[in-house]
> 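This is the structure I want to talk about, given as C-alpha coordinates.
Counting convention: from 1, in listed order, for ligands and their atoms alike.
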Amino acid sequence: MAKNPASLGPKFPQVVVLVGATGDLSRRKLLPGLFHLVSAGFIPGCRIVGVSLDDIDADGFRQIAREALDQFSSRKAANGAWAAFSECLDYVPMKAGPAALKAAVERAEAALGAETRRIHYLSVPPSAALPAVHLLAEAELVGRCRIVMEKPFGTDLASAVDLNGRLHQVFSEEQIFRIDHFLGKEAAQNILAFRFGNGLFEPIWNRNFIDHVQIDVPETLALGKRAPFYEATGAYRDMVVTHLFQILGFMAMEPPTALEPGPINEEKNKVFRSMLPIDPRDVVRGQYVGFRSEAGVDPESDTETFIALKCHIDNWRWAGVPFFLRTGKRMAEGQRIISIAFREPPKSMFPVGSGVGAQGPDHLTFDLADASRLSLSFYGKRPGPGMRLDKLSMQFAMHDTGLIGEVLEAYERLILDAMRGDRTLFTSAEGIERLWQVSTPLLENPPPVRLYEPGSWGPKTIHQLIAPHAWRLPFERAWRDPNGAGS
Ligand code: BG6
(Lines give C-alpha, C1' and ligand atoms only; values in the text may rest on other atoms or scores of the structure.)
Protein backbone atom coordinates (compact mmCIF):
# COMPACT_ATOMS: atom_id res chain seq x y z
CA MET A 1 0.00 0.00 0.00
CA ALA A 2 1.25 3.52 -0.81
CA LYS A 3 2.93 5.16 2.21
CA ASN A 4 0.73 8.19 2.55
CA PRO A 5 -2.29 7.69 0.29
CA ALA A 6 -3.90 10.99 1.29
CA SER A 7 -0.94 12.91 -0.17
CA LEU A 8 -1.64 11.27 -3.56
CA GLY A 9 -5.34 12.05 -3.58
CA PRO A 10 -7.43 15.21 -4.02
CA LYS A 11 -7.02 18.11 -1.58
CA PHE A 12 -10.73 18.48 -0.97
CA PRO A 13 -13.53 16.13 0.06
CA GLN A 14 -15.54 14.85 -2.88
CA VAL A 15 -19.21 14.24 -3.58
CA VAL A 16 -19.52 11.77 -6.43
CA VAL A 17 -22.78 11.84 -8.38
CA LEU A 18 -22.74 8.46 -10.08
CA VAL A 19 -25.25 8.44 -12.93
CA GLY A 20 -25.90 4.89 -14.15
CA ALA A 21 -25.06 3.69 -10.63
CA THR A 22 -26.69 0.28 -10.93
CA GLY A 23 -25.36 -0.47 -14.43
CA ASP A 24 -22.76 -2.98 -15.55
CA LEU A 25 -19.71 -0.68 -15.48
CA SER A 26 -20.65 0.76 -12.12
CA ARG A 27 -21.01 -2.67 -10.54
CA ARG A 28 -17.92 -4.17 -12.16
CA LYS A 29 -15.50 -1.29 -11.85
CA LEU A 30 -16.69 2.01 -10.40
CA LEU A 31 -18.18 0.90 -7.08
CA PRO A 32 -15.31 -1.54 -6.35
CA GLY A 33 -12.84 1.16 -7.43
CA LEU A 34 -14.40 3.86 -5.26
CA PHE A 35 -14.51 1.42 -2.37
CA HIS A 36 -10.79 0.81 -2.67
CA LEU A 37 -9.93 4.51 -3.01
CA VAL A 38 -12.02 5.39 0.03
CA SER A 39 -10.99 2.51 2.25
CA ALA A 40 -7.28 2.82 1.38
CA GLY A 41 -7.42 6.48 2.43
CA PHE A 42 -6.80 8.16 -0.95
CA ILE A 43 -9.81 10.48 -0.66
CA PRO A 44 -10.01 12.76 2.40
CA GLY A 45 -13.81 12.59 2.59
CA CYS A 46 -16.22 11.09 0.11
CA ARG A 47 -19.96 10.64 -0.38
CA ILE A 48 -21.48 8.90 -3.36
CA VAL A 49 -24.96 9.72 -4.63
CA GLY A 50 -26.13 7.00 -6.98
CA VAL A 51 -28.61 7.89 -9.72
CA SER A 52 -30.28 5.52 -12.17
CA LEU A 53 -33.58 4.50 -13.67
CA ASP A 54 -34.05 1.80 -11.01
CA ASP A 55 -36.73 2.64 -8.49
CA ILE A 56 -34.84 1.73 -5.32
CA ASP A 57 -33.86 3.58 -2.13
CA ALA A 58 -30.47 4.11 -0.48
CA ASP A 59 -30.60 0.72 1.23
CA GLY A 60 -31.40 -0.99 -2.05
CA PHE A 61 -28.38 0.75 -3.59
CA ARG A 62 -26.16 -0.31 -0.66
CA GLN A 63 -27.21 -3.88 -1.26
CA ILE A 64 -26.35 -3.65 -4.96
CA ALA A 65 -22.98 -2.11 -4.07
CA ARG A 66 -22.21 -4.85 -1.54
CA GLU A 67 -23.07 -7.57 -4.05
CA ALA A 68 -20.94 -5.80 -6.67
CA LEU A 69 -17.94 -5.77 -4.32
CA ASP A 70 -18.38 -9.42 -3.46
CA GLN A 71 -18.69 -10.39 -7.08
CA PHE A 72 -16.23 -8.11 -8.84
CA SER A 73 -13.70 -6.57 -6.46
CA SER A 74 -10.22 -7.98 -6.76
CA ARG A 75 -9.71 -7.12 -3.08
CA LYS A 76 -11.72 -8.55 -0.22
CA ALA A 77 -14.05 -6.07 1.50
CA ALA A 78 -13.36 -6.30 5.25
CA ASN A 79 -16.53 -5.79 7.30
CA GLY A 80 -15.32 -2.61 9.04
CA ALA A 81 -14.29 -1.03 5.74
CA TRP A 82 -17.60 -1.98 4.17
CA ALA A 83 -19.60 -0.51 7.07
CA ALA A 84 -17.76 2.82 6.71
CA PHE A 85 -18.19 2.81 2.93
CA SER A 86 -21.87 1.97 3.02
CA GLU A 87 -22.40 5.04 5.22
CA CYS A 88 -21.09 7.12 2.30
CA LEU A 89 -23.73 5.84 -0.13
CA ASP A 90 -27.00 7.54 -0.96
CA TYR A 91 -29.38 7.11 -3.89
CA VAL A 92 -31.85 9.15 -5.93
CA PRO A 93 -33.98 7.46 -8.62
CA MET A 94 -33.93 9.38 -11.91
CA LYS A 95 -37.67 9.89 -11.80
CA ALA A 96 -37.42 11.78 -8.47
CA GLY A 97 -36.11 14.69 -10.56
CA PRO A 98 -33.59 17.50 -10.13
CA ALA A 99 -34.87 18.86 -6.80
CA ALA A 100 -34.39 15.51 -5.07
CA LEU A 101 -30.91 15.15 -6.56
CA LYS A 102 -29.97 18.66 -5.45
CA ALA A 103 -31.19 17.91 -1.92
CA ALA A 104 -29.18 14.66 -1.75
CA VAL A 105 -25.99 16.41 -2.90
CA GLU A 106 -26.53 19.21 -0.39
CA ARG A 107 -26.98 16.65 2.40
CA ALA A 108 -23.71 14.99 1.38
CA GLU A 109 -21.94 18.34 1.25
CA ALA A 110 -23.25 19.34 4.65
CA ALA A 111 -21.68 16.17 6.05
CA LEU A 112 -18.32 16.88 4.38
CA GLY A 113 -17.87 20.61 4.96
CA ALA A 114 -17.73 23.79 2.93
CA GLU A 115 -14.65 23.02 0.83
CA THR A 116 -16.25 20.06 -0.95
CA ARG A 117 -15.88 19.47 -4.69
CA ARG A 118 -18.27 17.55 -6.93
CA ILE A 119 -17.48 14.92 -9.46
CA HIS A 120 -20.26 13.78 -11.78
CA TYR A 121 -19.57 10.42 -13.33
CA LEU A 122 -21.79 9.63 -16.32
CA SER A 123 -21.73 5.87 -16.73
CA VAL A 124 -24.53 5.81 -19.29
CA PRO A 125 -24.93 4.92 -22.97
CA PRO A 126 -24.50 7.74 -25.51
CA SER A 127 -28.25 8.31 -25.87
CA ALA A 128 -28.59 9.00 -22.13
CA ALA A 129 -25.60 11.34 -21.79
CA LEU A 130 -27.30 14.62 -22.68
CA PRO A 131 -30.43 13.99 -20.60
CA ALA A 132 -28.08 13.33 -17.65
CA VAL A 133 -26.22 16.58 -18.34
CA HIS A 134 -29.53 18.46 -18.32
CA LEU A 135 -30.55 16.80 -15.07
CA LEU A 136 -27.32 18.02 -13.47
CA ALA A 137 -27.87 21.52 -14.86
CA GLU A 138 -31.47 21.66 -13.60
CA ALA A 139 -30.30 20.46 -10.21
CA GLU A 140 -27.85 23.41 -10.23
CA LEU A 141 -24.86 21.14 -9.73
CA VAL A 142 -22.56 22.73 -12.32
CA GLY A 143 -20.44 24.79 -9.91
CA ARG A 144 -17.35 23.37 -8.13
CA CYS A 145 -17.56 20.28 -10.28
CA ARG A 146 -15.85 18.13 -12.83
CA ILE A 147 -17.71 15.76 -15.10
CA VAL A 148 -16.35 12.41 -16.23
CA MET A 149 -17.82 11.15 -19.50
CA GLU A 150 -17.74 7.55 -20.67
CA LYS A 151 -17.18 6.56 -24.29
CA PRO A 152 -18.27 6.29 -27.00
CA PHE A 153 -18.24 10.08 -27.35
CA GLY A 154 -20.86 10.26 -30.06
CA THR A 155 -21.35 7.64 -32.73
CA ASP A 156 -19.79 9.45 -35.68
CA LEU A 157 -18.18 12.81 -36.48
CA ALA A 158 -21.43 14.80 -36.66
CA SER A 159 -22.79 13.43 -33.39
CA ALA A 160 -19.45 13.92 -31.60
CA VAL A 161 -19.28 17.56 -32.71
CA ASP A 162 -22.90 18.01 -31.68
CA LEU A 163 -22.33 16.33 -28.29
CA ASN A 164 -19.26 18.49 -27.59
CA GLY A 165 -21.20 21.62 -28.58
CA ARG A 166 -24.10 20.77 -26.28
CA LEU A 167 -21.81 19.81 -23.43
CA HIS A 168 -20.09 23.17 -23.72
CA GLN A 169 -23.44 24.91 -23.25
CA VAL A 170 -23.41 23.55 -19.69
CA PHE A 171 -19.82 22.71 -18.75
CA SER A 172 -16.56 24.38 -19.76
CA GLU A 173 -13.94 22.20 -21.47
CA GLU A 174 -11.76 22.39 -18.32
CA GLN A 175 -14.54 20.67 -16.39
CA ILE A 176 -14.94 17.77 -18.84
CA PHE A 177 -12.87 14.61 -18.37
CA ARG A 178 -13.40 12.11 -21.21
CA ILE A 179 -12.29 8.82 -19.82
CA ASP A 180 -10.62 6.02 -21.75
CA HIS A 181 -9.74 3.44 -19.17
CA PHE A 182 -7.07 1.82 -21.33
CA LEU A 183 -4.92 4.92 -20.73
CA GLY A 184 -5.29 4.36 -16.99
CA LYS A 185 -3.78 0.90 -17.22
CA GLU A 186 -0.38 0.74 -15.56
CA ALA A 187 1.00 -0.97 -18.66
CA ALA A 188 -0.18 1.84 -20.96
CA GLN A 189 1.69 4.40 -18.88
CA ASN A 190 4.67 2.09 -18.94
CA ILE A 191 4.81 2.56 -22.72
CA LEU A 192 5.72 6.19 -22.05
CA ALA A 193 8.30 5.20 -19.41
CA PHE A 194 9.79 2.56 -21.68
CA ARG A 195 10.02 4.80 -24.72
CA PHE A 196 11.04 8.09 -23.18
CA GLY A 197 12.82 7.04 -19.98
CA ASN A 198 15.53 5.13 -21.87
CA GLY A 199 18.03 6.02 -24.57
CA LEU A 200 18.02 2.50 -25.96
CA PHE A 201 14.70 2.10 -27.74
CA GLU A 202 13.70 5.46 -29.16
CA PRO A 203 16.42 5.49 -31.88
CA ILE A 204 14.94 2.31 -33.41
CA TRP A 205 11.30 3.35 -32.92
CA ASN A 206 10.57 4.15 -36.56
CA ARG A 207 10.04 2.90 -40.08
CA ASN A 208 13.73 2.13 -40.59
CA PHE A 209 13.67 -0.62 -37.96
CA ILE A 210 10.03 -1.51 -37.41
CA ASP A 211 8.27 -3.68 -39.97
CA HIS A 212 4.72 -3.60 -38.63
CA VAL A 213 2.75 -3.25 -35.41
CA GLN A 214 -0.16 -5.25 -33.99
CA ILE A 215 -2.55 -4.10 -31.28
CA ASP A 216 -4.58 -7.16 -30.45
CA VAL A 217 -7.31 -7.34 -27.79
CA PRO A 218 -9.30 -10.57 -28.12
CA GLU A 219 -11.81 -11.19 -25.33
CA THR A 220 -13.50 -14.44 -24.32
CA LEU A 221 -16.50 -12.83 -22.66
CA ALA A 222 -19.94 -12.86 -24.24
CA LEU A 223 -22.22 -9.84 -24.18
CA GLY A 224 -24.86 -11.02 -21.75
CA LYS A 225 -26.86 -8.09 -20.39
CA ARG A 226 -24.82 -5.65 -22.47
CA ALA A 227 -26.17 -7.08 -25.74
CA PRO A 228 -28.69 -4.24 -26.31
CA PHE A 229 -25.94 -1.60 -25.77
CA TYR A 230 -23.62 -3.52 -28.01
CA GLU A 231 -26.25 -4.00 -30.70
CA ALA A 232 -26.31 -0.21 -31.13
CA THR A 233 -22.55 0.21 -30.76
CA GLY A 234 -20.48 -2.66 -32.16
CA ALA A 235 -16.83 -3.52 -31.70
CA TYR A 236 -15.48 -0.62 -33.76
CA ARG A 237 -17.18 2.09 -31.70
CA ASP A 238 -16.86 0.25 -28.39
CA MET A 239 -13.20 -0.66 -28.63
CA VAL A 240 -11.31 0.63 -31.67
CA VAL A 241 -12.23 4.27 -32.04
CA THR A 242 -11.65 4.53 -28.29
CA HIS A 243 -9.19 2.19 -26.59
CA LEU A 244 -7.16 0.76 -29.46
CA PHE A 245 -6.58 4.09 -31.18
CA GLN A 246 -5.64 5.74 -27.88
CA ILE A 247 -3.06 3.02 -27.22
CA LEU A 248 -1.84 3.48 -30.78
CA GLY A 249 -1.44 7.19 -29.95
CA PHE A 250 0.89 6.39 -27.02
CA MET A 251 2.80 3.88 -29.07
CA ALA A 252 3.29 6.12 -32.10
CA MET A 253 3.58 9.66 -30.77
CA GLU A 254 6.68 11.87 -30.85
CA PRO A 255 8.35 12.66 -27.53
CA PRO A 256 6.18 15.26 -25.77
CA THR A 257 7.95 18.32 -24.37
CA ALA A 258 6.67 17.51 -20.87
CA LEU A 259 4.64 14.87 -19.10
CA GLU A 260 1.68 17.18 -18.98
CA PRO A 261 -1.80 17.14 -20.50
CA GLY A 262 -1.16 19.85 -23.12
CA PRO A 263 2.04 18.39 -24.63
CA ILE A 264 0.82 14.77 -24.43
CA ASN A 265 -2.51 15.51 -26.06
CA GLU A 266 -0.80 17.59 -28.71
CA GLU A 267 1.51 14.73 -29.69
CA LYS A 268 -1.33 12.19 -29.67
CA ASN A 269 -3.45 14.51 -31.79
CA LYS A 270 -0.60 14.86 -34.29
CA VAL A 271 -0.62 11.07 -34.69
CA PHE A 272 -4.38 11.13 -35.24
CA ARG A 273 -4.05 13.96 -37.75
CA SER A 274 -1.51 11.88 -39.69
CA MET A 275 -3.72 8.82 -39.77
CA LEU A 276 -5.05 7.98 -43.20
CA PRO A 277 -8.83 7.49 -43.43
CA ILE A 278 -9.79 3.87 -42.74
CA ASP A 279 -10.32 2.08 -46.04
CA PRO A 280 -13.25 -0.38 -45.76
CA ARG A 281 -11.25 -2.81 -47.94
CA ASP A 282 -8.73 -3.03 -45.08
CA VAL A 283 -11.37 -4.08 -42.57
CA VAL A 284 -12.83 -7.45 -41.56
CA ARG A 285 -16.06 -7.24 -39.56
CA GLY A 286 -17.23 -10.38 -37.79
CA GLN A 287 -20.12 -11.54 -35.67
CA TYR A 288 -20.09 -14.63 -33.46
CA VAL A 289 -22.59 -17.34 -34.23
CA GLY A 290 -25.40 -17.00 -31.70
CA PHE A 291 -25.25 -13.21 -31.21
CA ARG A 292 -28.46 -12.73 -33.19
CA SER A 293 -30.44 -14.89 -30.80
CA GLU A 294 -29.36 -13.00 -27.65
CA ALA A 295 -31.96 -10.93 -25.81
CA GLY A 296 -32.16 -7.38 -27.14
CA VAL A 297 -30.45 -8.19 -30.44
CA ASP A 298 -32.14 -7.88 -33.84
CA PRO A 299 -32.45 -11.40 -35.36
CA GLU A 300 -30.98 -9.90 -38.55
CA SER A 301 -28.39 -7.78 -36.77
CA ASP A 302 -25.50 -6.46 -38.84
CA THR A 303 -23.57 -5.32 -35.75
CA GLU A 304 -19.97 -6.53 -35.54
CA THR A 305 -18.79 -8.29 -32.38
CA PHE A 306 -15.34 -8.57 -33.95
CA ILE A 307 -13.20 -6.29 -36.03
CA ALA A 308 -9.75 -6.46 -37.55
CA LEU A 309 -8.27 -3.66 -39.63
CA LYS A 310 -5.14 -2.22 -41.12
CA CYS A 311 -4.34 1.46 -40.72
CA HIS A 312 -1.52 3.81 -41.58
CA ILE A 313 0.10 6.81 -39.98
CA ASP A 314 1.38 8.88 -42.83
CA ASN A 315 4.21 10.82 -41.21
CA TRP A 316 8.02 10.77 -41.30
CA ARG A 317 8.32 8.25 -38.50
CA TRP A 318 5.71 5.74 -39.67
CA ALA A 319 5.10 6.07 -43.42
CA GLY A 320 4.81 2.58 -44.94
CA VAL A 321 4.51 0.75 -41.58
CA PRO A 322 1.12 -1.00 -41.33
CA PHE A 323 -0.66 -1.07 -37.97
CA PHE A 324 -2.96 -4.09 -37.55
CA LEU A 325 -5.69 -3.82 -34.94
CA ARG A 326 -8.01 -6.60 -33.81
CA THR A 327 -10.57 -7.09 -31.08
CA GLY A 328 -13.70 -9.16 -30.56
CA LYS A 329 -15.96 -10.93 -28.12
CA ARG A 330 -16.23 -14.69 -27.51
CA MET A 331 -12.81 -15.33 -28.98
CA ALA A 332 -10.40 -18.12 -28.21
CA GLU A 333 -8.41 -16.26 -25.55
CA GLY A 334 -8.46 -13.05 -23.58
CA GLN A 335 -5.30 -11.02 -24.25
CA ARG A 336 -4.30 -7.39 -24.61
CA ILE A 337 -1.05 -7.02 -26.46
CA ILE A 338 0.95 -4.60 -28.51
CA SER A 339 3.41 -6.44 -30.65
CA ILE A 340 6.13 -4.66 -32.57
CA ALA A 341 7.82 -6.66 -35.32
CA PHE A 342 11.31 -5.55 -36.29
CA ARG A 343 12.76 -5.74 -39.74
CA GLU A 344 14.76 -8.84 -40.54
CA PRO A 345 18.51 -8.63 -41.19
CA PRO A 346 19.30 -7.68 -44.79
CA LYS A 347 21.42 -10.77 -45.42
CA SER A 348 21.91 -14.10 -43.71
CA MET A 349 25.31 -15.76 -43.31
CA PHE A 350 23.82 -18.72 -41.46
CA PRO A 351 23.76 -22.10 -43.19
CA VAL A 352 20.59 -23.36 -44.82
CA GLY A 353 18.46 -25.10 -42.22
CA SER A 354 19.99 -23.14 -39.33
CA GLY A 355 16.55 -21.91 -38.36
CA VAL A 356 17.28 -18.19 -38.70
CA GLY A 357 14.07 -16.31 -39.45
CA ALA A 358 12.06 -19.53 -39.24
CA GLN A 359 10.07 -18.34 -36.26
CA GLY A 360 9.18 -14.90 -37.54
CA PRO A 361 10.91 -11.57 -36.93
CA ASP A 362 12.22 -10.23 -33.62
CA HIS A 363 9.41 -8.83 -31.54
CA LEU A 364 8.89 -6.46 -28.69
CA THR A 365 5.65 -7.35 -26.95
CA PHE A 366 3.74 -5.41 -24.31
CA ASP A 367 1.09 -7.24 -22.32
CA LEU A 368 -1.39 -4.62 -21.12
CA ALA A 369 -2.79 -6.75 -18.29
CA ASP A 370 -2.90 -5.23 -14.80
CA ALA A 371 0.01 -7.50 -13.93
CA SER A 372 1.80 -6.32 -17.05
CA ARG A 373 4.64 -7.98 -18.88
CA LEU A 374 7.11 -7.16 -21.58
CA SER A 375 9.15 -9.38 -23.81
CA LEU A 376 11.89 -8.89 -26.37
CA SER A 377 12.38 -11.91 -28.58
CA PHE A 378 15.45 -12.55 -30.72
CA TYR A 379 17.39 -15.37 -32.37
CA GLY A 380 20.20 -16.96 -30.40
CA LYS A 381 22.35 -20.02 -30.74
CA ARG A 382 21.04 -23.35 -29.61
CA PRO A 383 23.65 -24.87 -27.26
CA GLY A 384 25.77 -27.66 -28.70
CA PRO A 385 27.68 -28.38 -31.89
CA GLY A 386 27.03 -26.65 -35.21
CA MET A 387 25.05 -23.45 -35.67
CA ARG A 388 21.33 -23.88 -35.05
CA LEU A 389 19.33 -20.81 -34.08
CA ASP A 390 16.30 -20.69 -31.83
CA LYS A 391 13.91 -17.93 -30.87
CA LEU A 392 14.77 -16.77 -27.34
CA SER A 393 13.42 -13.93 -25.27
CA MET A 394 14.14 -11.53 -22.45
CA GLN A 395 11.07 -10.98 -20.33
CA PHE A 396 10.03 -8.61 -17.61
CA ALA A 397 6.95 -9.19 -15.44
CA MET A 398 5.49 -6.65 -13.04
CA HIS A 399 5.74 -9.39 -10.40
CA ASP A 400 9.53 -8.97 -10.57
CA THR A 401 9.25 -5.57 -8.90
CA GLY A 402 7.52 -6.95 -5.80
CA LEU A 403 5.21 -3.96 -6.07
CA ILE A 404 2.21 -5.56 -7.70
CA GLY A 405 0.06 -4.65 -4.68
CA GLU A 406 0.65 -0.95 -5.43
CA VAL A 407 -1.05 -1.10 -8.82
CA LEU A 408 -4.24 0.90 -9.02
CA GLU A 409 -6.80 -0.51 -11.40
CA ALA A 410 -7.31 1.70 -14.44
CA TYR A 411 -10.59 3.17 -13.24
CA GLU A 412 -9.20 3.83 -9.76
CA ARG A 413 -6.25 5.68 -11.17
CA LEU A 414 -8.39 7.80 -13.48
CA ILE A 415 -11.07 8.61 -10.90
CA LEU A 416 -8.32 9.81 -8.59
CA ASP A 417 -6.74 11.86 -11.40
CA ALA A 418 -10.10 13.47 -12.23
CA MET A 419 -10.63 14.36 -8.57
CA ARG A 420 -7.15 15.94 -8.57
CA GLY A 421 -7.87 17.79 -11.79
CA ASP A 422 -5.05 16.02 -13.64
CA ARG A 423 -6.13 15.37 -17.24
CA THR A 424 -2.85 13.91 -18.54
CA LEU A 425 -4.45 10.51 -19.17
CA PHE A 426 -7.77 11.82 -20.51
CA THR A 427 -8.68 12.32 -24.13
CA SER A 428 -9.48 15.60 -25.84
CA ALA A 429 -12.45 16.72 -27.94
CA GLU A 430 -10.12 17.50 -30.85
CA GLY A 431 -8.51 14.05 -30.82
CA ILE A 432 -11.84 12.29 -30.66
CA GLU A 433 -13.36 14.33 -33.47
CA ARG A 434 -10.35 13.55 -35.66
CA LEU A 435 -10.72 9.83 -34.96
CA TRP A 436 -14.36 9.96 -36.03
CA GLN A 437 -13.28 11.81 -39.14
CA VAL A 438 -10.80 9.09 -40.20
CA SER A 439 -13.52 6.53 -39.43
CA THR A 440 -16.06 8.11 -41.80
CA PRO A 441 -15.34 5.94 -44.90
CA LEU A 442 -15.76 2.78 -42.82
CA LEU A 443 -18.89 3.97 -41.02
CA GLU A 444 -20.48 5.03 -44.30
CA ASN A 445 -19.54 1.91 -46.18
CA PRO A 446 -18.96 -1.00 -43.80
CA PRO A 447 -18.07 -4.37 -45.30
CA PRO A 448 -20.63 -7.09 -44.52
CA VAL A 449 -20.23 -8.98 -41.24
CA ARG A 450 -18.85 -12.51 -41.53
CA LEU A 451 -19.81 -15.11 -38.98
CA TYR A 452 -17.22 -16.76 -36.74
CA GLU A 453 -17.48 -19.63 -34.29
CA PRO A 454 -17.36 -18.69 -30.62
CA GLY A 455 -13.97 -19.69 -29.24
CA SER A 456 -12.17 -18.97 -32.53
CA TRP A 457 -9.85 -16.14 -33.62
CA GLY A 458 -12.42 -14.50 -35.90
CA PRO A 459 -13.50 -14.95 -39.54
CA LYS A 460 -10.98 -16.71 -41.83
CA THR A 461 -10.32 -13.57 -43.90
CA ILE A 462 -8.22 -12.08 -41.06
CA HIS A 463 -5.26 -13.98 -42.47
CA GLN A 464 -5.59 -12.32 -45.86
CA LEU A 465 -5.78 -8.94 -44.17
CA ILE A 466 -2.38 -9.33 -42.51
CA ALA A 467 -0.55 -11.37 -45.20
CA PRO A 468 2.38 -11.66 -45.82
CA HIS A 469 2.72 -11.16 -42.06
CA ALA A 470 0.92 -13.31 -39.48
CA TRP A 471 -1.03 -12.58 -36.30
CA ARG A 472 1.13 -13.00 -33.21
CA LEU A 473 -1.80 -14.52 -31.33
CA PRO A 474 -2.17 -17.31 -30.44
CA PHE A 475 1.43 -17.16 -29.18
CA GLU A 476 3.76 -19.91 -30.37
CA ARG A 477 5.60 -19.67 -27.05
CA ALA A 478 3.66 -18.82 -23.90
CA TRP A 479 4.83 -16.11 -21.50
CA ARG A 480 7.21 -17.39 -18.87
CA ASP A 481 5.45 -17.89 -15.56
CA PRO A 482 6.91 -15.25 -13.22
CA ASN A 483 6.34 -17.55 -10.23
CA GLY A 484 7.69 -20.62 -11.97
CA ALA A 485 11.22 -21.91 -12.08
CA GLY A 486 11.76 -20.17 -15.42
CA SER A 487 12.79 -21.78 -18.65
C1 BG6 B 1 -14.86 -1.60 -22.26
C2 BG6 B 1 -15.70 -2.15 -23.35
O3 BG6 B 1 -14.64 -0.24 -22.43
O4 BG6 B 1 -13.63 -2.29 -22.22
C5 BG6 B 1 -15.94 -3.62 -23.14
O6 BG6 B 1 -16.96 -1.45 -23.40
C7 BG6 B 1 -14.62 -4.34 -22.96
O8 BG6 B 1 -16.69 -4.16 -24.21
C9 BG6 B 1 -13.76 -3.66 -21.93
O10 BG6 B 1 -14.89 -5.67 -22.58
C11 BG6 B 1 -12.37 -4.26 -21.85
O12 BG6 B 1 -11.67 -3.65 -20.81
P13 BG6 B 1 -10.57 -4.42 -19.99
O14 BG6 B 1 -10.03 -3.42 -19.02
O15 BG6 B 1 -11.23 -5.58 -19.33
O16 BG6 B 1 -9.55 -4.84 -20.99
> With a 6.0 Å cut-off (strictly less than), is the heavy-atom count around CZ of Arg166, excluding the residue itself, greater than 12?
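Counting other residues, nucleotides and ligands, CZ of Arg166 stays at 12 neighbours or fewer.
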> Kindly tell me which protein residues have any non-hydrogen atom under 4.0 angstrom away from an atom of ligand 1, grouped by chain and ordered by number?
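Within 4.0 Å of ligand 1, the protein residues are Lys151, His181, Phe182, Lys185, Glu219, Arg226, Asp238, Met239, His243, Lys329, Arg336.
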> Considering residues at least two apart in sequence or located in another chain, which fulfil the side-chain contact (heavy atoms from CB on, under 4.5 Å) criterion with Asp298?
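Counting only residues at least two positions away or on another chain, Asp298 forms a side-chain contact (heavy atoms from CB on, under 4.5 Å) with Glu231, Glu300, Ser301.
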> Is it the case that Arg330 places NZ or CZ above or below the six-membered ring of Tyr288, under 6.0 angstrom from the centre and within 45 degrees of the axis?
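Output yes; distance and angle both within limits.
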> Under a plain distance cut-off of 3.5 Å, with no hydrogens placed, do Tyr91 and Ser52 share a side-chain donor-acceptor pair?
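Yes - a donor-acceptor pair under 3.5 Å links their side chains.
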> Per the side-chain hydrogen bond (donor to acceptor under 3.5 Å, both in side chains) rule, what does the pair list look like for residues 413-434, sequence neighbours excluded?
Asn164-Glu433, Gln189-Arg413, Asn269-Ser428, Arg273-Glu430, Arg413-Asp417, Asp417-Arg420, Asp422-Thr424, Arg434-Gln437
> Would you mind writing out the side-chain donor-acceptor pairs for residues 146-154 within the sub-3.5 Å range, not counting sequence neighbours?
unit_1: Arg146; atom_1: NH1; unit_2: Ala418; atom_2: O; d: 3.3
unit_1: Arg146; atom_1: NH1; unit_2: Met419; atom_2: O; d: 2.9
unit_1: Glu150; atom_1: OE2; unit_2: Tyr121; atom_2: OH; d: 2.7
unit_1: Glu150; atom_1: OE2; unit_2: Tyr411; atom_2: OH; d: 3.3
unit_1: Lys151; atom_1: NZ; unit_2: Asp238; atom_2: O; d: 3.1
unit_1: Lys151; atom_1: NZ; unit_2: Asp238; atom_2: OD1; d: 2.7

